[in-house]
Amino acid sequence: MKIFNATQIKEWEAFSMREQGISSIELMERAAAACFRWLLKNGLLQNHFHFFCGKGNNGGDGLALARILMENNTPVSVYILESGKVGSPDFQENLQRLHQLTAHIHFMQPGFSFPVINSNDLLVDAIFGTGLNKPVEGLALELIGFLNSTGCPIISIDIPSGLFPDKSRVGYSAISATHTLSFQNYKPAFLFPENNLFVGQLHLLDIGLSPNFENTTDTTYELLDAVLIQGILKPRNRFAHKGNFGHAALVAGSYGMMGAAVLAARACLSSGAGKLTAHIPSCGYMTVQTAAPEAMCKVSGEKYVEDVENMHAYTAIGVGPGIGLQETSGTLLKTIFSAKPQSLLLDADALNCIAADKDLLGLLPVNTLITPHPKEFERLFGKTSNDFERIDRAVQKAAELNIYIVLKGHHTAIITPRGKIYFNNTGNAGMAKAGMGDVLTGIITGLMAQQYPLPEAAIIGVYIHGLAGDIAAEKFSQEAMQASDLINCMGDAWKILRY
């Protein structure tokens, strides 16, 4: 699914109207009808609705929905935020239509007393839409504060008022919606943790915008889905042998952290790699050979990996899970970098080692993949003030270093050197536990070993990692699921994608 910015959303609407021969007021009616169907499906028509509308097209959506509810005998009160200016043409048209049903429309001006809201009432936020480009102030700011203070469920139309569709709102007020009824596709704002408490539960409603625009328009952001993943999966030839699926290497584990090596190894094998060699310290030899008997082992050092050899012989190499931070870590990484591996993934302590010696960044082989969580990213590239700035920094660094970055989070982002960003849409809060990153490292390394190019290996790996997490949450609950459960659920995830 492509994710459009505010300008492209307007272009999409205009394109659809031209292609389908409809007016903007007819498109607005579609949006209102889609919202009504959602309210009907969720059994909410018995509530008293309080609509709070601005005078732009978002307010017009609200007035159209209020009219449909009135026509279906639902009690509705309407409040319009007065700006001193005439509303948009579609707002004015819907206001005239609503006047034919009721004269009880309240215009809010400075000094207006906010209405009494009962605890079982529903509030509809249609104050500002995707056209908002500056912080809310004045009476609008007071209104947002009042609505948030009521404790009543709030349903925002298209986007919670006060949020910007494609830039950060940190430091500014916005509606804290219980539900956001948005249209057609995600907005960028919905993908960032800083907006989670404002968006609430997101529901995308189809209003029939033209697929031709989506198919032919380039975007910076794209959301992963099963169709995209299935389109890049390679079939496994029935006459193939293990050599056809690559030889992966993992440099992982240290004294007290051998579990990271085990998780990465088992995940790598479950990703479909033909062979795996784990480079580990001697203290973990029996652990890995017992927990992952399919993996071969090469031992160096007693408590941590001191050296590696023949790195050029592997189809893909994953480095970092549980290796620890020793004085020799930098030398170890330099040895790996100098082998110029075909595909290299760096995670966890490998990234922390680079953060401690920034000169190592300049030695990264071209097309290296790094998989930091936000704190690791910060150690590598510096602090940022919000999620949008962090993504911009990642785009800058990916281009500057000619690397790929998997920035982990609820909607994990895969950033390419050319600035394309893919957001993941699988996974759940049960995955916020130790070991999940080790599993991801193993999965992506195994896919790279099978000669999936970047970013395809990262895209498939991130998606199936989250999908296995969703299956594990369903089986064991978010609270009880563990990283090893993801590996055990990968077979079910592959079946969903393959069959």
Side-chain angles (χ1 to χ4, degrees), residues 186 190-197 199-202 223-226 228-229 250 252 257 259-271 291 318 320-322 345-349 351 369-378 387 390-391 394 405-415 421-447 455 457-497:
Y186 276 70
F190 300 157
L191 298 167
F192 293 96
E194 68 183 48
N195 292 330
N196 177 54
L197 295 178
V199 176
Q201 294 185 46
L202 177 65
L223 192 70
L224 302 184
D225 57 32
L228 188 155
I229 302 302
L250 286 169
M257 293 289 289
V262 169
L263 289 169
R266 292 186 58 216
C268 181
L269 292 163
S270 293
S271 73
L345 182 154
L346 302 176
D347 182 37
D349 284 336
L351 301 180
L369 174 69
I370 66 173
T371 59
H373 58 57
K375 275 297 181 183
E376 290 167 343
F377 182 88
E378 180 181 298
D387 295 331
R390 184 184 296 117
I391 283 289
I405 300 175
V406 171
L407 185 54
K408 292 183 284 195
H410 177 60
H411 290 292
T412 290
I414 299 109
I415 298 107
I421 305 171
Y422 298 90
F423 285 94
N424 189 40
N425 202 31
T426 57
N428 58 81
M431 297 171 68
K433 290 177 183 159
M436 296 292 179
D438 305 322
V439 172
L440 180 62
T441 291
I443 293 172
I444 299 177
T445 301
L447 290 164
I459 288 170
I460 298 168
V462 166
Y463 187 89
I464 201 165
H465 179 255
L467 181 58
D470 289 336
I471 295 168
E474 182 68 24
K475 286 185 176 182
F476 307 111
S477 80
Q478 291 188 13
E479 290 77 9
M481 62 184 285
Q482 300 296 318
S484 55
D485 294 325
L486 260 71
I487 301 169
N488 295 330
C489 291
M490 281 183 63
D492 291 333
W494 279 118
K495 287 179 181 178
I496 290 171
L497 291 174

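One N or O on the side chain of Asp485 and one on the backbone of Gln482 form a donor-acceptor pair closer than 3.5 Å. Not one N or O on the side chain of Asn424 forms a donor-acceptor pair closer than 3.5 Å with the backbone of Leu224. With hydrogens and angles disregarded, no donor-acceptor distance shorter than 3.5 Å links the side chain of Tyr463 to the backbone of Thr426. Here the side chain of Lys408 pairs a donor or acceptor atom with the backbone of Thr371 at under 3.5 angstrom. A donor-acceptor contact shorter than 3.5 Å is absent between the side chain of Ser270 and the backbone of Ala267.
Looking at every heavy atom in both residues, Ala483 comes nearest to Val439 through O-CG2, 3.8 Å. Residues Gly442 and Ser271 approach most closely at O-OG, 4.3 Å, considering heavy atoms. Of all heavy-atom pairs between Ala458 and Val406, the closest is CB-CG2, 4.0 Å. Smallest separation of non-hydrogen atoms from Leu250 and Cys268: CD1-CB, 4.2 Å. Of all heavy-atom pairs between Ala291 and Arg266, the closest is O-CD, 3.7 Å. When all heavy atoms are compared, the tightest approach of Pro321 to Thr441 is CG-CG2, 3.8 Å.
Atom CG of Leu223 and atom CG of Leu191 lie 6.0 Å apart (nearest 0.5 Å). Rounding to the nearest 0.5 angstrom, the gap separating the CD1 atom in Ile391 from the CZ atom in Phe377 is 8.0 Å. Going from atom CG of Leu351 over to atom CD of Glu376 covers 5.5 Å, rounded to the nearest 0.5 Å. Within the model, atoms NE2 of His465 and CG of Asp470 stand 11.0 Å from one another, a figure rounded to the nearest 0.5 Å. Note: Ile414 CD1 to Ile459 CD1 = 5.5 Å, rounded to the nearest 0.5 Å. Atom CG of residue Leu263 and atom CG of residue Asp438 lie 5.5 Å apart, to the nearest 0.5 angstrom.
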**Prompt:** Would Asp347 and Ile444 satisfy side chain to side chain contact (heavy atoms under 4.5 Å, CB included), going step by step from the backbone distance to the final call?
**Reply:** CA-CA 11 Å; Asp347 182 37; Ile444 299 177; over 6 Å; no
**Step-by-step side chain to side chain contact (heavy atoms under 4.5 Å, CB included) determination, Thr412 to Leu440** = CA-CA 11 Å; Thr412 290; Leu440 180 62; 5.5 Å; no
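Residues Lys475 and Met481 form no side-chain contact, since every pair of their non-hydrogen atoms from C-beta on lies 4.5 Å or further apart. Considering only heavy atoms from C-beta on, Ile443 stays 4.5 Å or farther from Leu486 through its side chain.
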